[in-house]
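The structure appears right after this line, and notes come after that.
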Amino acid sequence: MMYLDHAATSPVRREALEAMWPYLTGDFGNPSSHHSLGESAAAGLAAARRSSAAVLGGRASGVVFTGSGTEAANLAVKGIALGAPRGRHLVTSPLEHEAVLASAEYLRRMHGFEVDYLTPDRTGRVSPAELAKLVRPDTTLVSVQYANNEIGTVQPIRELAEVARAQQVPFHTDAVQAAGWLPLDVSALGVDALSLSGHKVGAPKGIGLLWAHGRLSLEPVVHGGGQERDRRSGTENVAGAVALATALAAAERERPAGSPRVTDLRERFVAGVLGSVPSARQTGHPQHRLPGTASFVFAGTHGEAVLLELERRGVWCSSGSACAAGSDQASHVLTGLGLPEPLARTAVRFTFGRDSTERDAELAAAAVQEAVEAVRGLQRTS
């Protein structure tokens with residue numbers, strides 16, 4: 001089988017497993033306990049914080065470990081908006097992950113915030129010029145995803161963040177999909193907050209991270225014992241934090257060579273699909289996109305049916321966001337690009353990873369041609 005669904009989750013790295021193992025066994029203590037076992041766990045947690053911050057180019061004190069990328073995004077959007085609001089106005093994009101969109105909707109519904117949405121172009125990119133028009137004196141946060149989880153489009157984050165900074169508005173980016181593929185230095189990007197998920201870079205599921213600039217006041221989303229400097233209560237997942245830090249550092253080391261290699265694989269695959277499937281249409285930006293992401297709509301088919309045929313041919317992929325799997329609704333990302341709902345329902349996403357090969361790209365392209373033809377054949381006879 002070929003696994004081409006790395007945007008949904010990635011295999012756990014061996015070095016991450018080995019790094020976390022001691023904190024699941026001998027050094028299992030609670031990092032808040034004032035004895036040697038607790039102190040050992042606390043030391044591991046502090047080292048993970050420093051290591052993660054080094055990849056992000058920010059202070060270790062800005063790292064908040066969470067239970068997922070979704071929780072990290074919730075903490076960023078709700079925490080910044082409620083922590084020290086300039087007003088009750090947010091700006092985001094309609095193509096964001098549900099974690100950001102649902103958080104913005106919660107603030108609108110429960111706290112009276114007004115939310116403005118940037119208008120993406122047909123490739124999914126948003127405009128710094130439009131953001132400059134939407135930012136107001138009462139804007140308390142701008143949140144724009146670094147790279148889209150469904151179509152792979154990469155946003156001009158630095159330029160967007162510069163617009164927000166000129167108006168002294170905090171800027172958050174959901175960098176869950178960007179980690180391991182794009183630069184994450186928060187100073188170079190100009191962002192005030194950045195959220196990540198461990199299982200996208202080779203850590204186990206159940207660990208995330210928010211980096212927030214020290215000048216930001218965060219209102220906690222999870223209340224309790226005041227862990228993580230009163231920003232996220234709950235006994236810390238030390239083993240998970242160590243695994244995330246280890247995987248993130250490994251992904252960053254591999255990025256300079258890995259991103260161009262995987263980009264080449266993706267381009268070979270895209271050329272193969274577009275050359276053999278006449279109705280195939282690539283979605284997202286043709287250049288400003290994640291190295292491993294190739295997404296298509298196949299007019300006259302149904303995405304879920306194509307997925308089944310691909311799995312029969314040894315290819316695991318997805319029809320869009322893994323978080324929305326099983327939903328009957330068309331992707332909000334694709335309809336946000338202006339695609340009609342029937343066409344959006346034909347979407348299939350392929351995401352290559354660090355272990356993908358040229359052979360995978362060739363075989364997968366041939367499998368796509370066969371799968372689309374099989375679905376069309378079934379529809380003609382039904």
Side-chain angles (χ1 to χ4, degrees), residues 4-7 93-97 118-131 144-160 173-183 189 255-256 258-301 303 306 315 317-321 330-340 343-353 356 358 360-362 364-369 372:
L4 299 183
D5 200 18
H6 290 267
S93 99
L95 308 186
E96 299 296 299
H97 188 276
L118 293 157
T119 305
D121 64 19
R122 293 281 179 170
T123 71
R125 295 263 283 185
V126 298
S127 165
E130 186 190 12
L131 177 60
V144 178
Q145 194 175 41
Y146 196 169
N148 188 267
N149 53 306
E150 293 191 35
I151 59 175
T153 295
V154 176
Q155 300 292 352
I157 291 298
R158 181 173 178 81
E159 292 85 352
L160 293 165
T173 189
D174 165 10
V176 165
Q177 294 295 334
W181 302 115
L182 302 174
L189 292 172
R255 183 176 61 80
S259 287
R261 185 188 75 82
V262 174
T263 297
D264 182 63
L265 290 182
R266 181 202 73 209
E267 287 302 291
R268 289 169 182 254
F269 172 70
V270 169
V273 171
L274 295 179
S276 62
V277 184
S279 65
R281 172 179 167 186
Q282 188 177 17
T283 58
H285 199 283
Q287 287 85 40
H288 298 295
R289 67 187 303 126
L290 288 168
T293 300
S295 55
F296 304 91
V297 288
F298 300 103
T301 69
V306 174
V315 179
C317 53
S318 70
S319 58
S321 172
S331 161
H332 73 278
V333 172
L334 296 179
T335 56
L337 300 182
L339 296 182
L343 184 58
R345 294 179 194 278
T346 72
V348 180
R349 179 191 67 181
F350 305 85
T351 45
F352 294 82
S356 300
E358 292 183 13
D360 290 339
E362 294 170 1
V368 171
Q369 180 186 14
V372 171

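Numbering of residues begins at 1 and proceeds along the displayed sequence. The analysis underlying the following values was restricted to heavy atoms, covering all of them including side chains, and did not include hydrogens, waters or symmetry mates.
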Shortest non-hydrogen pair, Pro120 vs Pro94, comes out as CD-CG, 3.7 Å
Val277 versus Phe296: any side-chain heavy-atom pair under 4.5 Å? no
Checklist entry - What's the verdict on side-chain contact (heavy atoms from CB on, under 4.5 Å) for Leu118 and Leu131, showing C-alpha distance, side-chain angles and the deciding distance? => result CA-CA 7 Å; Leu118 293 157; Leu131 177 60; 3.9 Å; yes
OG of Ser93 to CG of Leu160, rounded to nearest 0.5 Å, is 9.5 Å
(request) Keeping the roles fixed (side chain from Gln145, backbone from Asp174), state whether a donor-acceptor pair exists under 3.5 Å. (result) no
The single option from Thr351, Thr153, Thr283 that satisfies side chain to side chain donor-acceptor pair (under 3.5 Å) with Ser295 is Thr283
Checking Asn149, Thr293, Asp5 against Arg349 for side chain to side chain donor-acceptor pair (under 3.5 Å), the one that qualifies is Asp5
Answer yes or no: is there a side-chain heavy-atom contact under 4.5 Å between Thr119 and Glu130?
yes
Compare all side-chain heavy atoms of Asp360 with those of Phe350 and state whether any distance is below 4.5 angstrom.
no
In short, Ala280 meets Leu274 closest at the heavy-atom pair O-CD2, 3.7 Å
- prompt: So, the side chain of His285 versus the backbone of Gln155: is there a donor-acceptor pair under 3.5 Å, distance only?
  reply: no
For Arg158, does the CZ atom have more than 12 heavy-atom neighbours from other residues, nucleotides or ligands under 6.0 Å away? yes
Q. Can you tell me if Glu150 uses its side chain to pair, donor with acceptor, with the backbone of Leu334 under 3.5 Å?
A. no
Exercise. Counting distance only, does the side-chain N/O of Ser127 pair as donor-acceptor with the main-chain N or O of Ala129 below 3.5 Å?
Worked result: yes
Residues Tyr146 and Ala178: closest non-hydrogen pair is CD1-CB, 3.4 Å
What one should report as the nearest heavy-atom pair of Ile151 and Gly124 is CD1-CA, 4.3 Å
All heavy atoms of Ala299 vs all of Ser279, minimum pair found to be O-OG, 3.7 Å
In this structure, CG of Asp264 is separated from CZ of Phe352 (nearest 0.5 Å) by 10.5 Å
In this structure, CZ of Arg345 is separated from OG1 of Thr335 (nearest 0.5 Å) by 9.5 Å
Heavy-atom side-chain proximity of Arg255 to Pro183 below 4.5 angstrom:
yes
If you define the side chain from C-beta out and look only at heavy atoms, does anything of Ser356 sit under 4.5 Å from Val262? no
Check whether any side-chain N or O of Gln177 sits under 3.5 Å from a backbone N or O of Gly152 as a donor-acceptor pair, and report yes or no. no
The side chain to side chain contact (heavy atoms under 4.5 Å, CB included) partner of Val144 among Val126, Thr173, Leu95 is Val126
* To do: Using atom types as modelled and distance alone, determine if a side-chain donor or acceptor of Arg268 lies under 3.5 Å from a backbone N or O of Ala365.
  => no
Between Val372 and Thr301 the two heavy atoms that sit nearest each other are CG1-CG2, 4.0 Å
Requested in this report: List the steps, then state whether side-chain contact (heavy atoms from CB on, under 4.5 Å) holds for Leu265 with Glu358.
Outcome: CA-CA 6 Å; Leu265 290 182; Glu358 292 183 13; 3.6 Å; yes
Backbone N or O of Val154 within a donor-acceptor pair of the Arg125 side chain at under 3.5 Å?
yes
